[in-house]
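Presented below is the structure to which this report refers.
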Amino acid sequence: MDDIIEISTKVYYLKMINKPNRLDSSLRPTFKLLMLDKPITTHDYLFYYKTIGRKYNWFDRVFMDNSELYNIINSKKTEIFVYSVLDKIIGFAEFFREETYTEILYFGLLPDFVGKGFGKDFLSRVIAEAWNDTTKWIQLNTCELDHPNALPTYKKLGFIVDRTSIEKRKVIQTSIWRN
């Protein structure tokens with residue numbers, strides 16, 4: 001049986017209200033952000049979600065009913081992307097689009113590629129993709145459970161902290177991530 005505990009963590013709610021002028025200036029052509037075609041299977045989705053999120057305690061979708069998860073990830077408002085380098089998938093991002101804003105729900109690199117210099121390029125591509133003709137702002141949140149470079153990187157690329165709060169988050173002890 002898995003142990004689930006609750007801890008308090010600081011959550012940062014971030015916004016980007018101005019589209020950056022030159023996000024694409026340093027992007028390498030062998031790096032690609034590709035939107036997955038729908039329908040997306042929950043099996044494929046959970047592979048990325050669990051593999052990337054394991055270390056950062058992403059688990060809400062692991063416990064979700066399979067049909068509910070399927071409907072969310074295949075909703076018209078949801079877009080799921082993979083990030084590839086030389087045709088090898090190394091990351092995943094998920095958007096939720098509303099009429100005037102885009103929320104970046106999940107963003108991360110597969111564990112073998114963390115700390116190897118891919119994060120800034122990947123995030124730059126995600127931000128560029130998040131802005132479209134109707135987007136007035138982008139939002140995302142992070143917390144102290146995330147990668148230590150997450151918040152500084154978000155700020156460096158133009159996000160501002162809109163608000164913070166201390167929230168209870170459930171943390172799962174290991175065995176849920178075995179499959």
* Indicate whether the side chain of D146 and that of Y12 have a donor and an acceptor atom separated by less than 3.5 Å. => no
* To do: Check for a donor-acceptor pair, side chain of T51 on one end and backbone N or O of F47 on the other, with a separation under 3.5 Å.
  => yes
* Short side-chain to backbone donor-acceptor contact, E144 and K10, under 3.5 Å -> yes
Under a 4.5 Å cut-off applied to non-hydrogen side-chain atoms, are [X] and [Y] in contact?
X: T102; Y: W137; answer: no
X: I166; Y: V11; answer: no
X: I138; Y: F159; answer: yes
X: V114; Y: H147; answer: yes

* To do: Tell me, with the steps shown, if E94 and Y49 meet side chain to side chain donor-acceptor pair (under 3.5 Å).
  => CA-CA 10 Å; E94 180 177 344; Y49 183 89; over 6 Å; no
* F92/Y45 aromatic ring centres below 6.0 Å -> yes
* Can we call the ring centroids of F107 and F122 under 6.0 Å apart? -> yes
* Would you call K77-E98 a salt bridge at under 4.0 Å N-O? -> yes
* Asked: What are the two closest heavy atoms between I72 and T78, and how far apart are they?
  -> O-OG1, 2.9 Å
